[in-house]
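Worksheet for the structure shown next.
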Amino acid sequence: MPAKEITPAVPFSDITVLELTKDMGAGWNLGNTFDAYGTSNMNSETSWGQPVTTKAMIDGLAASGIKTIRIPVSWHNHITDTTNYTISAQWMARVKTVVDWAIEDGLYVIINSHHDNYLRAGKMPAGGGYYPTSQNLEESKKFLKSVWSQIAATFNNEYDEHLIFETMNEPRPAATRCEWWFDNDELCKDAMKCVMELNQTALDSIRATGGNNKKRFVMCPSLQASQNAATSSLFKMPVDLEEGRLILSIHAYTPYSFAMEAPGERKFTKAHKEELNSLFSILKNRFIAKGYGVVIGEYGATNKDNLEERVAWFDYYVSTATEAGIPCILWDNGVWELHKDENGEFDYSEGYGYYNRTEQKWYFPEITETIISASK
């Protein structure tokens, strides 16, 4: 019997992490899709109100000038057993199909472990995912080691530097005072320590699969993926035998009062510019200057019926980040129209819809054009 022919690995370019992040350009999130949970069958892709992802949808993004797509993926609700944390082959194949469409279009692609953070305080049951406290650390490590071993084995030698892994999304001790607020109390310190160990576990599992994954670029978040946690003296990036392959993953809806708070502020001000200047300066000095890449994995400004102000914010945000060497990946949950609450007032919360996935058009082309221009 002849020896089985081994397909050679797709070669990586010699691109550095800072060259990579510069080349990633304007990015977009396939939000509320493969990250949806609450159901364990294939219908979860559309369970949060988004249409089935199509090749035309991805082609439309690429044609419009988007260069990077982040595909958030939840895995814990697609596990076939809680002993070995085996991922459903059907779910893995579906994710791979969409990744391959994006790769074929020449896009950079980020896949991660997204809504796998357990959402209740206390002891996490087997199969719950991960939860960064000492009480749940070993079970969390077991989950991440298993799922990343499987993901990395599926996405290895067929993919060059255009495929990027992200270990976790906003890891946090949910339903506690430290879920979204970071300080130096014992709960936050313990959670931070656990997040760093979980980053290391995921990275080691990826590298252990060998092949192209020995040099795969990997994004790692701090506690909550927040600026305050990332720039704390307590946070350290994991140890990697492959020098220069790590990227800080951070989310920044900044300033909060303009970008996320409802009603918050509707005008983009000089003070807001100064807050953004500070954010990108700190990230550049703390991480980029030390040889790490930085990617804003999620950002955006909720719709407050203030298009002109949002355009100004996007222009300043993206151009300032780009100058610092930081690509920005737009969060899109499909919610683009304004709605009124029970009191007849406009509800400005969570209005992060930008791309019409069915018609392959942008709801606010002024914003998209600004993002793409500012990211060059």
Side-chain angles (χ1 to χ4, degrees), residues 15 19-35 50-73 95 97-112 114 159-166 169 217 219 247 249-253 259 293-301 303 307 310-311 313-323 325-336 351-376:
I15 194 169
E19 290 169 341
L20 177 95
T21 50
K22 181 179 180 180
D23 195 47
M24 288 172 69
W28 180 85
N29 272 276
L30 185 66
N32 286 21
T33 305
F34 292 106
D35 50 320
Q50 301 308 311
V52 170
T53 308
T54 63
K55 188 176 187 305
M57 189 187 299
I58 306 301
D59 292 344
L61 287 166
S64 70
I66 292 296
K67 291 189 66 179
T68 298
I69 181 171
R70 181 172 179 255
I71 304 177
V73 185
V95 173
T97 293
V98 177
V99 169
D100 288 349
W101 289 337
I103 293 293
E104 289 166 9
D105 280 340
L107 301 178
Y108 286 100
V109 181
I110 302 165
I111 56 174
N112 69 357
H114 201 81
Y159 304 89
D160 64 10
E161 69 278 0
H162 283 83
L163 180 64
I164 300 162
F165 293 155
E166 180 184 28
N169 173 77
F217 289 100
M219 293 168 56
I247 300 169
S249 173
I250 189 169
H251 296 174
Y253 297 88
V294 176
V295 169
I296 305 290
E298 291 183 18
Y299 82 111
N303 184 6
L307 179 59
R310 284 205 293 166
V311 168
W313 177 86
F314 274 109
D315 186 36
Y316 196 84
Y317 190 114
V318 176
S319 60
T320 307
T322 300
E323 186 175 348
I326 303 171
C328 305
I329 318 299
L330 182 67
W331 178 251
D332 193 325
N333 64 1
V335 181
W336 68 280
Y352 296 104
Y354 300 95
Y355 183 56
N356 185 326
R357 306 183 193 189
T358 303
E359 298 181 12
Q360 291 87 58
K361 297 178 181 178
W362 294 92
Y363 294 118
F364 307 101
E366 304 94 330
I367 289 177
T368 313
E369 291 164 6
T370 295
I371 289 171
I372 292 170
S373 176
S375 67
K376 295 180 180 178

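Please read these numbers as outputs of a predicted model, since none were measured by experiment.
When all heavy atoms of A321 and C328 are compared, the closest pair comes out as CB-SG, 3.5 Å. Contact between W331 and H114 at its shortest, heavy atoms only, is CH2-NE2, 4.3 Å. When all heavy atoms of F217 and E161 are compared, the closest pair comes out as CE1-CB, 4.0 Å. Taking all atoms of both residues into account, the shortest heavy-atom contact from I69 to A102 is CG2-CB, 3.8 Å. Taking both residues in full, the closest heavy atoms of V52 and M57 are given as O-CE, 3.4 Å, listed atom of the first, atom of the second, then distance. Of all heavy-atom pairs spanning P51 and T358, the tightest one is CG-OG1, 4.0 Å.
Between E298 and R70 there is a salt bridge, since a side-chain N of the basic residue sits under 4.0 Å from a carboxylate O of the acidic one.
Distance CE/M219 to CG/N112: 8.0 Å, rounded to 0.5 Å. Separating the CD1 atom in I15 from the CG atom in D160 is a distance of 9.5 Å, to the nearest 0.5 Å. To the nearest 0.5 angstrom, I367 atom CD1 is 7.5 Å from N303 atom CG. The line from OG of S375 to CD1 of I326 is 14.0 Å long, rounded to the nearest 0.5 Å. With rounding to the nearest 0.5 angstrom, the CD1 atom of I247 is 5.0 Å from the CD1 atom of I164. How far CD1 of I371 is from OG1 of T322: 10.5 Å, rounded to the nearest 0.5 Å.
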Exercise. Yes or no on side-chain contact (heavy atoms from CB on, under 4.5 Å) for Y108 and I66, after CA distance, side-chain angles and deciding distance?
Worked result: CA-CA 10 Å; Y108 286 100; I66 292 296; over 6 Å; no

For this session: Step by step, work out the side-chain contact (heavy atoms from CB on, under 4.5 Å) result for L30 and R357.
Result: CA-CA 10 Å; L30 185 66; R357 306 183 193 189; 3.5 Å; yes

Exercise. How far apart are the C-alpha atoms of I111 and F165, what are their side-chain angles, what is the distance that settles it, and do they pass the side-chain contact (heavy atoms from CB on, under 4.5 Å) test?
Worked result: CA-CA 5 Å; I111 56 174; F165 293 155; 3.8 Å; yes

Exercise. So V318 and T370, side-chain contact (heavy atoms from CB on, under 4.5 Å) or not? Walk me through it.
Worked result: CA-CA 9 Å; V318 176; T370 295; over 6 Å; no

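No donor-acceptor distance shorter than 3.5 angstrom exists from the side chain of S373 to the backbone of E369, with no hydrogens or angles considered. In this structure, N333 contributes its side chain and G351 its backbone to no donor-acceptor pair below 3.5 Å. Side chain of R310 to backbone of A301: a donor-acceptor contact under 3.5 angstrom is found. A donor-acceptor pair under 3.5 Å is formed between the side chain of T33 and the backbone N or O of G31. When atom types are taken as modelled, the side chain of D105 and the backbone of I103 share no donor-acceptor pair closer than 3.5 angstrom. Under the 3.5 Å distance criterion, the side-chain polar atoms of T320 are left unmatched by any main-chain donor or acceptor of Y317. K67 places a side-chain N or O within 3.5 Å of a backbone atom of D23 that can act as its donor or acceptor partner. Of the possible donor and acceptor atoms, one in the side chain of S64 sits under 3.5 Å from a partner among the backbone N and O of L61.
In this structure the side chain of H251 reaches within 4.5 angstrom of the side chain of N169, judged on heavy atoms. A heavy-atom distance below 4.5 Å is not found between the side chains of S249 and V295. Counting only heavy atoms from C-beta outward, the side chains of E104 and I58 never approach each other to under 4.5 Å. Side chains of T68 and I329 form a contact here, defined as non-hydrogen atoms less than 4.5 Å apart. With contacts defined as side-chain heavy-atom distances shorter than 4.5 Å, the pair F314/L330 qualifies. Side-chain contact check for Y355 versus Q360: some heavy-atom pair is nearer than 4.5 Å.
Judged by distance alone, the side chains of Y299 and N29 never bring a donor and an acceptor atom under 3.5 Å apart.
Within a 6.0 Å radius of CD in E323, other residues, nucleotides and ligands contribute 12 heavy atoms or fewer. Environment of NZ in K376: sparse, with no more than 12 heavy atoms of neighbouring residues, nucleotides or ligands closer than 6.0 Å.
Centroid-to-centroid, the aromatic rings of Y253 and Y352 come within less than 6.0 Å.
The aromatic rings of F364 and Y354 stand perpendicular to each other, their planes meeting at an angle above 60°, with 30° marking the opposite boundary.
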